[in-house]
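The block underneath contains the structure these notes are about, expressed in structure tokens.
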Protein chains: 2
Amino acid sequence: MTQTKTKTTRIQEINRGIILDAALEVFSAYGFRGSTIDQIAEKAGMSKPNLLYYFPRKEDIYVNVLEKTLDEWLTPFRHIDPKGDPLDELAKYIVAKLKLSESRPESSRVFANEILHGAPAIGDFLQSHLRNIVERKVGVIRTWIDDGRLAPIDPHHLIFMIWATTQHYADFKVQIGAVVPDRVKDENFYEETAAAIITILFNGIRPRQEY
Amino acid sequence: MTQTKTKTTRIQEINRGIILDAALEVFSAYGFRGSTIDQIAEKAGMSKPNLLYYFPRKEDIYVNVLEKTLDEWLTPFRHIDPKGDPLDELAKYIVAKLKLSESRPESSRVFANEILHGAPAIGDFLQSHLRNIVERKVGVIRTWIDDGRLAPIDPHHLIFMIWATTQHYADFKVQIGAVVPDRVKDENFYEETAAAIITILFNGIRPRQEY
DNA sequence: CTACATTTTGACCAATCAGTCAAGTTTTTT
DNA sequence: AAAAAACTTGACTGATTGGTCAAAATGTAG
């Protein structure tokens with residue numbers, strides 16, 4: 001099967017990849033306005049006009065980075081299985097997101113920065129696709145509650161709480177590092193974090209009288 | 001008692017205030033690099049050289065905005081009372097922070113943006129003052145746990161969870177607005193949010209068999 | 001090997017923007 | 001009311017930066 005019209009050459013594929021990797025790092029550190037094409041080009045090991053040959057405008061690079069990021073970031077959410085055990089599924093989701101926060105915090109930061117500044121590039125995506133998938137998962141959670149397999153809580157706020165908490169460990173890494181420097185150095189920090197969050201979220205902080 | 005050497009005139013006081021208010025809006029919308037002195041000057045209703053008469057460098061404006069913001073944002077945290085009822089105190093804290101998220105989201109966003117980009121301007125503050133006050137509150141929570149008035153959870157992660165969640169409603173407002181547009185329009189949205197979060201945090205999401 | 005397409009780059013341009021300066025206006029002090 | 005201090009601004013400057021362009025280098029197909 002010959003490629004009908006997609007004339008993406010081998011070199012193009014490689015270089016686009018290199019550029020997007022470099023751009024992710026730069027954008028996550030300095031934001032859109034704070035990053036320069038020169039910085040990205042240098043990190044990608046090519047000249048600025050060459051980079052612009054692949055992505056004609058700065059915004060094109062940014063949008064491409066965001067798209068990759070969004071997909072990566074949403075994957076664990078999509079994987080929440082309606083047929084699984086509620087607490088298991090949510091625990092798995094939390095662990096997966098925290099693992100992402102550890103391995104690819106830049107990705108999360110680019111996304112956070114975009115939202116923080118009003119989502120100028122992905123507002124439409126949020127209102128259509130994201131809203132859609134959230135509603136589906138809210139439905140799943142509602143079913144779980146109706147079946148008595150989850151306490152009767154507000155599904156939207158539960159999702160927001162999990163998002164907020166897991167993102168926090170990627171986006172506010174510097175703050176956490178400043179507040180508990182010893183603990184973050186521990187190589188099990190993220191596992192301990194997952195365990196602590198899951199415990200709080202599942203059981204609450206109200207003391208249990210029984211025992 | 002005469003002012004010994006602080007020659008802050010009436011006009012200075014007024015104009016500094018106007019500038020910082022304008023700067024908060026601009027910085028929160030576009031970030032440090034994304035904001036221009038012209039923008040701030042225009043919003044403040046004065047010429048750029050005039051603004052620079054009060055704050056000689058762009059960074060001076062930014063640092064001043066951050067300082068005000070930090071203080072405002074930390075006040076409810078300081079008010080957590082060791083002598084109060086644990087659940088009451090934490091509920092009050094959550095409500096206060098959510099109220100701030102509603103009334104002054106710009107403030108939260110400037111802070112979030114600063115952390116996101118590595119806290120170049122307030123790294124020292126985090127490592128000294130913030131770390132300190134957190135350790136004090138961690139001590140309070142530990143005492144509550146030891147006295148059996150709180151479930152045995154990890155105090156640091158509890159604090160992070162509350163921070164993350166409450167900040168989320170200010171910083172990710174756009175995302176929340178996109179996902180649940182109808183609910184945010186409700187004038188009681190923040191009260192409902194506070195109630196939902198407190199319920200989840202206090203009781204957890206594990207279904208209660210008893211009854 | 002030849003012709004054609006793709007990739008790469010040095011030199012350049014126009015716009016933006018932080019910050020200066022000198023000259024004016026207003027307010028405060030005496 | 002006069003002098004001094006504080007405040008305000010139009011016009012400018014130098015540095016940065018997104019993006020262009022034409023020409024050179026490299027890769028590829030026949």
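Here the structure is a predicted model, which is why all the values come from computation and not from measurement. Below, chain A is the first sequence line, B the second, and so on; all start at residue 1.
- Between dT6(C) and Q12(A), no contact under 4.0 Å exists linking OP1 or OP2 to a side-chain N or O.
- Ion pairing of D71(B) with R78(B) is present here, as a side-chain N (NZ or NE/NH1/NH2) and a carboxylate O approach within less than 4.0 Å.
- F55(B) comes within 4.0 angstrom of nothing in the nucleic acid, heavy atoms only.
- Listed nucleotides dC7(D), dT28(D), dT6(C) differ in distance to R10(A); the shortest reach to its side chain belongs to dT28(D).
- Nucleotide dA6(D) holds its P atom 18 Å from the CE atom of M46(B), rounded to whole Å.
- Considering only the side chain of I11(A), dT8(C) comes nearest among dG19(C), dC7(D), dT8(C).
- Ranking dC17(C), dT9(D), dT9(C) by closeness to the S47(B) side chain, first place goes to dT9(D).
- Between Y54(A) and G34(B), it is Y54(A) whose nearest contact on DNA chain C lies nearer the 5' terminus.
- As a whole-Å value, the separation of I14(A) CD1 from dT6(C) C1' is 14 Å.
- Listed nucleotides dT8(C), dG19(D), dT9(C) differ in distance to I37(A); the shortest reach to its side chain belongs to dG19(D).
- At a threshold of 4.0 Å, the pair R10(A)-E13(A) does not count as salt-bridged, since none of the basic side-chain nitrogens sits closer than that to a carboxylate oxygen.
- Spacing between atom CD of E13(A) and atom P of dT6(C) amounts to 16 Å, rounded to whole angstrom units.
- Interface remark: the K58(B) side chain does not form any donor-acceptor pair with the dG19(C) base, using a distance-only criterion of under 3.5 Å.
- Picking from dC7(D), dT17(D), dT7(C) the nucleotide with the shortest atom distance to the side chain of R33(B) gives dT17(D).
- Side-chain contact check for F160(A) versus V180(B): some heavy-atom pair is nearer than 4.5 Å.
- Closest approach to the R57(A) side chain among dC7(D), dT8(C), dT20(D) is made by dT20(D) (side chain taken as heavy atoms from C-beta onward).
- One atom, CG of L51(A), and another, P of dT7(C), lie 14 Å apart when rounded to the nearest Å.
- Under a cutoff of 6.0 Å and an axis angle of 45°, R16(B) and F55(B) form a cation-pi pair.
- L52(A) comes within 4.0 angstrom of a nucleotide base, judged by non-hydrogen atoms across all strands.
- Annotation: the span from L24(A) atom CG to I19(A) atom CD1 amounts to 13.5 Å, rounded to 0.5 Å.
- Here the side chain of N15(B) is nearest to one of dC21(D), dG10(D), dT8(D), namely dT8(D).
- Across dT7(C), dC7(D), dT20(C), the shortest atom-to-atom separation from the side chain of T9(A) is found for dT7(C).
- The phosphate of dT7(C) has neither OP1 nor OP2 within less than 4.0 Å of any side-chain N or O from N50(A).
- Side chain of K48(B), nearest nucleotide from dT8(C), dG19(D), dG19(C): dG19(C).
- Between Y53(A) and the phosphate of dT7(C), there is a side-chain N or O to OP1/OP2 separation shorter than 4.0 Å.
- Closest contact between the side chain of T36(A) and the listed nucleotides dT9(D), dG19(C), dT17(D) involves dT17(D).
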